[in-house]
Number of protein chains: 4
Amino acid sequence: MRENVFSILENKSDSLISKSYNLLMLVTIFLSIVPLMFKEHLLMFTVFEYVTTAVFCMDYILRWVTADFKLGKGKASFVLYPLTIMAIVDLLCILPTFFMMNSGLKLLKIARMGRLLRVFKVIRYSKNIAILTNVMKEQREALLLVIVLATGYILFTALLMFTVEPTTFDTFFDALYWATISLTTVGYGDIFAVSTLGKLITMVSSVLGIAIVALPAGIITAGYMNEIMKNQ
Amino acid sequence: MRENVFSILENKSDSLISKSYNLLMLVTIFLSIVPLMFKEHLLMFTVFEYVTTAVFCMDYILRWVTADFKLGKGKASFVLYPLTIMAIVDLLCILPTFFMMNSGLKLLKIARMGRLLRVFKVIRYSKNIAILTNVMKEQREALLLVIVLATGYILFTALLMFTVEPTTFDTFFDALYWATISLTTVGYGDIFAVSTLGKLITMVSSVLGIAIVALPAGIITAGYMNEIMKNQ
Amino acid sequence: MRENVFSILENKSDSLISKSYNLLMLVTIFLSIVPLMFKEHLLMFTVFEYVTTAVFCMDYILRWVTADFKLGKGKASFVLYPLTIMAIVDLLCILPTFFMMNSGLKLLKIARMGRLLRVFKVIRYSKNIAILTNVMKEQREALLLVIVLATGYILFTALLMFTVEPTTFDTFFDALYWATISLTTVGYGDIFAVSTLGKLITMVSSVLGIAIVALPAGIITAGYMNEIMKNQ
Amino acid sequence: MRENVFSILENKSDSLISKSYNLLMLVTIFLSIVPLMFKEHLLMFTVFEYVTTAVFCMDYILRWVTADFKLGKGKASFVLYPLTIMAIVDLLCILPTFFMMNSGLKLLKIARMGRLLRVFKVIRYSKNIAILTNVMKEQREALLLVIVLATGYILFTALLMFTVEPTTFDTFFDALYWATISLTTVGYGDIFAVSTLGKLITMVSSVLGIAIVALPAGIITAGYMNEIMKNQ
């Protein structure tokens, strides 16, 4: 009987019950997130909160009880299971309700979106997801290098600007924020250089920034082409 | 005689009459859109409205009458034709005039731009359009995946921001709007984070956003290169 | 003697005189543009104006006199030469001075930057310029297609927005301006949607806009790779 | 003994002492930059300043004393060493402390970030850094060409805008700043065209700007793909 429950949870049997369970979880996740999208606190939301938490609790217990099928380590599985990443995420989804209405924990509820990953996991991976994941894996080092480069560049520009125009930025963090918003070419316009030297730094760093933005695009494209060619 | 009309409508004969008819339709579409570009309501525009609607009506009837040549299903064609997508678009072009000056229907008039597609269809496809269409078709799944990723990312960032900075956003929709404008690096600057935590989320999501913008670029480039190579 | 002058003008001989002449022209172009960079009208600028115009006149006459070597059509060359594009640009550089201080003609002076093209022409083309020019030529049709697509998209979005939010935009031109600034992700923030429907249109069109921006990047990259492979 | 010091400095021996020395330098660089991130002048920062300068001085002397191992030119090495680029950067890191609290020299302290390059140098280069460096080297000429094109384009647009809308820009530098911020699609919105002609120029140059931004992306991607293929 426990094996049946496990195969439903993990969508092994591909049966109607399994599919219904997945749909139930999807709806539950959605209902648990909806209250976060409103400022008002409707009575309905309290109901949502209790119902969805109950479902999450049931799911948590069912998964724990069938942990030996999942981890395949006999009795030890029941001890190890609560320490796995997905189990911790599941616990985070339940906890906020027990420490009710503590606004600091409201943020924790967003962890419920993490549960969506498990739902997606169930859907059979298409060839394209596999290709994109492969590209990311193989170009991992190159992409990391670009992130290090970009971070160094943001730090340097922020430091330069903060020294040149201390009046524009309240704290160094503001300079970092400005540098990031400029490098990524978002440019809200809430903070910008006003002095001539500051504008000059902005110009040089914007132009150089294009090259840094072009790098990840180039790496991903090249990696993607490589994968396509291999598959042919 | 009906066959002649059909060959003119569909530019089968490539004759002068057929070309003139296409030009007439192009001018009619243009004239029917012009009033939308002005806030004032000139008398001339009412004339435009009646004349262009008359031409559209004539075109609609002519196409309906020759529907059997188009669909090739005998008498049934005349029943099925008004249900085809292009016939519905054509009807939408005529309707607003009959429910005159109802501003809610003003929006429907933009459907007339959809008629341009038929005019473009007539122009013989160049090799390049075929290539670009092919790229889109073959990379359809990958592009869809990127859209799902981007949507999930926008939803997540919006939810996070709305929880962290409820005072900046009136509704959750505003948070979604902010997230989209930031991810696409448009950054109007009408809404932006003001708290330190909000700015931090902005920074992280802007940098990650570049990767998501780089993905479709990479996919299209790789697909396009692939097509060029096949054609050689 | 006229042949010598021609070889100097066209840098055929690669001699010191020829190089000096090119340098002289470069300095003259620079001096003729400098006054455009200032709002004040210094006396020095009037001197610049007269001196540079004199040099441009001399250059114009010299080129006209040696037109037969350039065009190689005997006596007819002298009649045809003033009608060539570069000769018209040269004339536009001189004219504003003769209709002095007419601010409407001030704009014409910018044509002097067009003369820089001739100076660049003299510098021997590197392999890279040849490759880039080739890419542009071969992908000409595809790039044109993208421009048509982008223009249609801008027109459609502008029309939609102008109908939905007539209060935000004074004229249809403003809507076109907004659509262009949004599609290119510049996003100054001087005009933006305020209604919910308007914001929704902004979101959809921003996301679609990324694909349209990605197209030229993809086309250029694919073309460039193709050229590199051919050269190997 | 001097040879031992040199192998520690240059991380030749890969020993624990060498690694500790590198870590010490990393911490010192970080501590020397921290005060730049604050507007307040804490007493602690003065301590940081003296301690880090002492460490930098010691490092400078140790490197000078072992210069013959580094440059391999015997006694002449000791004369030549202070003239090498890295030695000048090292000197710039120390100097500001001796001319204490002169705000003009505060900017010089940022040179200390340049020291990070030496620390990075020590870390063994990954294959990816080598590839990226190769791409940059081989496409050097093409990238330079793009920078020349972009600069010419920025100059031209700025000149055009400054002539058309002199009231929007205080100086020509402001027009250059506006053109750069627009071409790179940052678009802060602190300066923008207000006249119809100005807006028209903005629209045309934004659309053309996309092509110029697409060029470096294309070049880097093509170069990167080329490198990947060579390595296979």
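Protein chains get the first letters and strands the later ones, always in sequence-line order, with residue 1 at the start of each. Just so it is clear, the structure is predicted and the values come from calculations on it, not from any experiment.
Closest non-hydrogen pair, C:T184 versus D:T185, comes out as O-CG2, 3.4 Å. Closest approach of D:A222 and C:Y224 over heavy atoms only: CB-CD2, 3.3 Å. When all heavy atoms of C:I220 and D:A214 are compared, the pair lying nearest together is CD1-CB, 4.2 Å. Contact between D:F162 and C:L36 at its shortest, heavy atoms only, is CD2-O, 3.1 Å. When every heavy atom of D:G218 is checked against every heavy atom of C:T221, the shortest pair comes out as CA-OG1, 3.0 Å. In terms of heavy-atom proximity, C:V186 sits nearest to D:S206 at CG2-OG, 4.0 Å.
Taking the side chain as every heavy atom from C-beta outward, D:T202 and C:Y188 approach each other to under 4.5 Å.
Heavy-atom pairs under 4.5 Å with chain C were tallied for D:G152, D:A158, D:P166; the largest tally goes to D:P166. Your options are D:T171, D:V146, D:D170, D:L155, and the one with the most heavy-atom pairs under 4.5 Å with chain C is D:D170. The candidate from C:I219, C:T180, C:I33 with the greatest count of non-hydrogen atom pairs under 4.5 Å with chain D is C:T180.
Contacts between D:I191 and chain C at a heavy-atom distance below 4.5 Å involve the backbone alone (N, CA, C, O). Residue D:L183 does not touch chain C at all, counting heavy-atom pairs closer than 4.5 Å. D:S182 touches chain C through backbone and side chain together, each having a heavy atom under 4.5 Å away. Looking at D:L159, both its backbone and its side chain come within 4.5 Å of chain C, counting heavy atoms on both sides.
Here the side chain of C:K39 pairs a donor or acceptor atom with the backbone of D:F169 at under 3.5 angstrom.
Dense packing is recorded around CG of D:L83, with more than 12 heavy atoms of other residues, nucleotides or ligands lying under 6.0 Å away.
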Practice prompt. Evaluate the side-chain contact (heavy atoms from CB on, under 4.5 Å) criterion for residues D:K199 and C:D174: first the C-alpha distance (whole Å), next the side-chain angles of each, then the deciding distance (0.1 Å), finally the verdict.
Written response: CA-CA 9 Å; D:K199 281 178 178 177; C:D174 275 350; 3.0 Å; yes
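Here the straight-line distance linking atom CG of D:L176 with atom CE of C:M37 works out to 7.0 Å at 0.5 Å rounding.
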